[in-house]
Amino acid sequence: GTTAVAYTQAVAGLTPGATYYFCAIGSNSVGTSFGALLSFTALAAAPTVTTAAATGVTTTTATLNGSANPNGDPTTGWFRIDTVSPGTCNDTFGTRVPASTGAALGSGNAAVAFSQTAPAIAPGTTYYYCAIAQNSVGTGVGSVRTFTTPAPPTVNTLAATPVTAVSATLNASANPHG
């Protein structure tokens, strides 16, 4: 024909926040022509978040670990922790760690690890926690994970038996709690 015909091509698998360059190409029996070089930037997306296992768990301390892919937009990460399961991760249960701000995770397109020391934890207690990250597009949450702090042993002193004028057997029981 002799009139322009519009054509399109959908593309998938773009990286959020990345800039792409393209041009139209037409070809016939006489040759090939190229349209102007144009560009577009894929929209950023909410962060993709993973909650990792807690490390350094002792009777009174633990390090919470997570990672988040900022998906092309400046992102901040933090945690939530409590002794009661929230069911699913959300930014309203328990205590926020840290209480304000959070870890700056940049604006790239790859997962960035972050961690935070858990606040005032008690021995022999199970804790529920999750990682959360936020950018201008939205908030992403990881899965809820748990850790249990070790408990000191429980010891019971029992009566001495048999007791004689020159000897006695001292008795006790102890639960080492693992």
Side-chain angles (χ1 to χ4, degrees), residues 6-26 34-151 178:
Y7 60 100
T8 62
Q9 177 62 54
V11 292
L14 302 177
T15 301
T19 299
Y20 293 90
Y21 298 89
F22 68 100
C23 71
I25 303 171
F34 298 89
L37 182 63
L38 300 176
S39 68
F40 67 92
T41 300
L43 298 176
T48 306
V49 182
T50 301
T51 305
T55 55
V57 179
T58 70
T59 56
T60 58
T61 63
T63 300
L64 308 177
N65 299 296
S67 65
N69 181 334
N71 287 324
D73 197 51
T75 299
T76 302
W78 64 91
F79 298 91
R80 284 286 185 167
I81 186 169
D82 201 359
T83 57
V84 177
S85 174
T88 59
C89 185
N90 63 72
D91 198 21
T92 60
F93 87 95
T95 301
R96 182 180 166 141
V97 181
S100 61
T101 68
L105 305 177
S107 59
N109 285 296
V112 177
F114 62 104
S115 62
Q116 187 71 42
T117 301
I121 59 177
T125 306
T126 298
Y127 289 91
Y128 300 85
Y129 69 100
C130 66
I132 301 174
Q134 184 175 51
N135 62 22
S136 67
V137 179
T139 301
V141 297
S143 59
V144 175
R145 295 191 70 158
T146 65
F147 67 88
T148 301
T149 55

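For the pair T146 and S85, the minimum side-chain heavy-atom distance is 4.5 Å or more. At a threshold of 4.5 Å between non-hydrogen side-chain atoms, the residues L105 and S67 do not count as touching. Using a 4.5 Å heavy-atom cutoff, the side chains of L14 and F40 are in contact. With a 4.5 Å cut-off on side-chain heavy atoms, V84 and Y128 do not count as touching. By the 4.5 Å heavy-atom criterion applied to side chains, Q116 and W78 are not counted as neighbours.
A distance of 8.0 Å separates CG of L64 from OG1 of T117, quoted to the nearest 0.5 Å. Taken to the nearest 0.5 Å, the CG atom of N65 stands 4.0 Å off from the OG1 atom of T55. Here the CG atom belonging to D82 is positioned 10.5 Å from the OG1 atom belonging to T92, to the nearest 0.5 angstrom.
R80 contributes no side-chain N or O that, together with a main-chain N or O of C130, makes up a donor-acceptor pair within less than 3.5 Å. Without hydrogens or angle criteria, T51 side chain to V144 main chain gives no donor-acceptor distance under 3.5 Å. Side-chain atoms of N135 come within 3.5 Å of backbone N or O of A45 as a donor-acceptor pair. Listed for the R145 side chain is no donor-acceptor partner under 3.5 Å among the backbone atoms of Y127. With hydrogens and angles ignored, the 3.5 Å screen pairs a side-chain donor or acceptor of T149 with a backbone N or O of T125. Remark: side-chain polar atoms of Y20 are paired, donor with acceptor, to backbone N or O of T15 under 3.5 angstrom. Using modelled atom types, no side-chain atom of N71 and backbone atom of P16 make a donor-acceptor pair closer than 3.5 Å. The backbone N or O of N109 lies less than 3.5 Å from a partner atom in the side chain of N69, making a donor-acceptor pair.
Annotation: L43, atom CG; neighbour count of heavy atoms from other residues, nucleotides and ligands within 6.0 Å does not exceed 12.
The two residues R96 and T101 have their closest heavy-atom pair at NH2-O, 2.6 Å. When every heavy atom of F114 is checked against every heavy atom of A103, the shortest pair comes out as CB-CB, 3.9 Å. Counting all heavy atoms, side chain and backbone alike, A68 lies closest to A133 at CB-CB, 3.7 Å. In terms of heavy-atom proximity, A131 sits nearest to G66 at CB-CA, 4.2 Å. Minimum heavy-atom separation, C23 to G35: CB-O, 3.6 Å. V97 and P119 make their closest contact through CG2-CD, 3.5 Å (heavy atoms, listed as atom of the first residue, atom of the second, distance).
Below 30°, between 30° and 60°, or above 60°: for Y129 and F79 the angle between ring planes is between 30° and 60°, a tilted geometry.
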Under the criterion side chain to side chain donor-acceptor pair (under 3.5 Å), I'd like the reasoning laid out for T126 against T148: C-alpha separation, chi angles, the key distance, then a yes or no. CA-CA 4 Å; T126 298; T148 301; 2.9 Å; yes
